[in-house]
J.: 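Below is a structure I'd like to ask you about.
Just the heavy atoms: all of them, side chains too, but no hydrogens, waters or symmetry mates, feed the values below. Computed from a predicted model, the values in this text were never measured in an experiment. The residues of the chain are indexed from 1 along the displayed sequence.
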Amino acid sequence: MAEQVVKPGDVTQRVGVEVIRARGVDVDKLIKMLVANAAAEFASTYYYYTILRMNLAGYEDYKEICEDARLEDRAHWELIVPRIYELGGSLPNDLKAFHDQAGCAAAKLPDPPSVVNILTLLLESERCAIRSWSAVCDMTFGKDPRTYDLASRILNEEIEHEAWFIELLAHERDGKSVPSGHFRRGEPGEAPYSKNRGFYNP
Ligand SMILES: [Fe+2]
Ligand SMILES: [Fe+2]
């Protein structure tokens, strides 16, 4: 049994952190990774994906797919923020600083904003997310079951998002059929793995 460092009644330390540190998790590094990933999800859903989606006029079916990916990134943001605080971390008290720490490059509207350019950007953004969340899974597997569970829920959806945009880009750019293999979500923003309603909201 790990040594107990948190004294009874102590509100300055956390047993939830003590136990994962005892298992070898570098908690400070994990908090940094989660803040970087949260920044990427935040910027993506509320800003970059919103702009990119608006510029897919005439491709209403693509807009629907983009909307699912965008709203699921919002679920990712809301799912992971509480974990940062539970671990003793916090969001930067400065939006610009927060944005600049994002773990993925800003998905700015490409020039020209053609459908192929937008889909390429969306695809690469999903790929960055897969890499970032996989790194969190690797760091926490077998050591921090809560962070692992949250990160793997998000990863499930990022992998689906990559498949969606591979399908659309292959069709638009190469005239090829590369099916994503996925069925339609129940409604926009379904987020079957990451919606935190099941955890926090009635
Ligand atoms: Fe995401
Ligand atoms: Fe995504």
J.: CZ of Phe141: more than 12 outside heavy atoms within 6.0 angstrom?
T.: no
J.: Nearest 0.5 Å, what's the CD-SG distance between Glu158 and Cys128?
T.: 9.5 Å
J.: Any link between Tyr59 and Met54 through a network of hydrophobic side chains (Ile, Leu, Val, Met, Phe, Trp, Tyr) touching at under 4.5 Å?
T.: no
J.: Is it true that atom CG of Asp174 has more than 12 heavy atoms of other residues, nucleotides or ligands lying nearer than 6.0 Å?
T.: yes
J.: How would you list, by chain and number, every residue that makes a side chain to side chain contact (heavy atoms under 4.5 Å, CB included) with Ile166, sequence neighbours excluded?
T.: Leu123, Arg127, Glu162, Val178
J.: Quick check: does any side chain N or O of Glu167 sit under 3.5 Å from a backbone N or O of Phe165, one acting as donor and the other as acceptor?
T.: no
J.: For Val136 versus Ala151, what's the shortest heavy-atom pair and its separation?
T.: CG1-CB, 3.6 Å
J.: Indicate if Tyr62 and Leu109 have the same hydrophobic cluster label, given that clusters are the connected sets of ILVMFWY residues with side-chain heavy-atom separations under 4.5 angstrom.
T.: yes
J.: Decide yes or no on side chain to side chain contact (heavy atoms under 4.5 Å, CB included) for Asp94 and Phe98, but give the supporting numbers first.
T.: CA-CA 6 Å; Asp94 180 277; Phe98 181 50; over 6 Å; no
J.: With a 3.5 Å distance limit and no angle check, can you tell me whether Ser125 reaches the backbone of Leu121 through a side-chain donor-acceptor pair?
T.: no
J.: Going by an N to O cut-off under 4.0 Å, is there a salt bridge joining Arg14 and Glu86?
T.: no
J.: Checking Asn117 now: which residues fulfil side chain to side chain donor-acceptor pair (under 3.5 Å) with it, not counting sequence neighbours?
T.: Ser114
J.: Distance from Cys66 atom SG to Tyr49 atom OH, nearest 0.5 Å?
T.: 6.5 Å
J.: Would you sort out whether Trp133 and Glu41 count as a side chain to side chain donor-acceptor pair (under 3.5 Å), showing the intermediate values?
T.: CA-CA 11 Å; Trp133 288 114; Glu41 300 288 351; 2.8 Å; yes
J.: Please confirm whether the backbone N or O of Tyr193 pairs with a side-chain atom of Glu157, one donor and one acceptor, at under 3.5 Å?
T.: yes
J.: Working to the nearest 0.5 Å, report the span between CG of Asn156 and OG of Ser194.
T.: 9.5 Å
J.: Pick one: which of Leu95, Ile80, Asp73, Leu91 meets side chain to side chain contact (heavy atoms under 4.5 Å, CB included) with Phe42?
T.: Leu95
J.: Working to the nearest 0.5 angstrom, can you tell me the gap between Arg173 CZ and Leu168 CG?
T.: 12.0 Å
J.: In Å, rounded to the nearest 0.5 Å, how long is the span from OG1 of Thr147 to CD1 of Ile84?
T.: 10.0 Å
J.: So does Val116 get a backbone contact from the side chain of Thr120, meaning a donor-acceptor N/O pair under 3.5 Å?
T.: yes
J.: In residues 20-31, what donor-acceptor pairs under 3.5 Å come from side-chain atoms, sequence neighbours left out?
T.:
unit_1: Arg23; atom_1: NH1; unit_2: Lys143; atom_2: O; d: 2.7
unit_1: Asp26; atom_1: OD1; unit_2: Asp28; atom_2: N; d: 3.4
unit_1: Asp26; atom_1: OD1; unit_2: Lys29; atom_2: N; d: 3.1

J.: Can you tell if the side chain of Pro110 reaches within under 4.5 Å of the side chain of Leu52, non-hydrogen atoms only?
T.: yes
J.: Is any side-chain heavy atom of Glu64 closer than 4.5 Å to one of Glu60?
T.: no
J.: Between Arg70 and Thr50, is any side-chain donor less than 3.5 angstrom from a side-chain acceptor?
T.: yes
J.: For Glu160, give me all partners under side chain to side chain donor-acceptor pair (under 3.5 Å), at least two apart in sequence or on another chain.
T.: His182, Arg185
J.: Calculate, to the nearest 0.5 Å, the distance between atoms CG and CZ belonging to Leu122 and Arg53 respectively.
T.: 11.5 Å
J.: Under the side chain to side chain donor-acceptor pair (under 3.5 Å) rule, collect the residues that match up with Ser134, sequence neighbours excluded.
T.: none
J.: When you group the ILVMFWY residues by side-chain heavy-atom contacts below 4.5 Å and let the links chain together, are Val35 and Val17 in the same group?
T.: yes
J.: Would a hydrophobic clustering, with Ile, Leu, Val, Met, Phe, Trp and Tyr connected at side-chain separations under 4.5 Å, put Val15 with Tyr148?
T.: no
J.: Between Ser132 and Cys104, what is the shortest heavy-atom contact and its length?
T.: OG-SG, 3.9 Å
J.: Are any of the side-chain nitrogens in Asp144 or Arg83 under 4.0 Å away from the carboxylate oxygens of its partner?
T.: yes
J.: So that I can tick it off, tell me whether Lys195 and Glu72 are bridged by a salt bridge, with the cut-off set at under 4.0 angstrom between side-chain N and carboxylate O.
T.: no
J.: Going by side-chain hydrogen bond (donor to acceptor under 3.5 Å, both in side chains), name the pairs with one or both residues in residues 98-112, residues two or more places apart or in two chains.
T.: Tyr48-His99, Lys96-Asp100
J.: Aromatic rings His161 and Trp164: how do their planes relate, parallel, tilted or perpendicular, breaks at 30° and 60°?
T.: tilted
J.: If you look at every heavy atom in Ser180 and Ala163, which pair is closest and at what distance?
T.: CB-O, 3.4 Å
J.: Of all heavy-atom pairs between Ala75 and Ala191, which one has the smallest distance, and what is that distance?
T.: CB-CB, 3.9 Å
J.: Look at atom NZ of Lys63 and say whether more than 12 heavy atoms of other residues, nucleotides or ligands are closer to it than 6.0 Å.
T.: yes
J.: Hydrophobic clustering (ILVMFWY, side-chain heavy atoms < 4.5 Å, transitive) - are Val81 and Tyr46 grouped together?
T.: yes
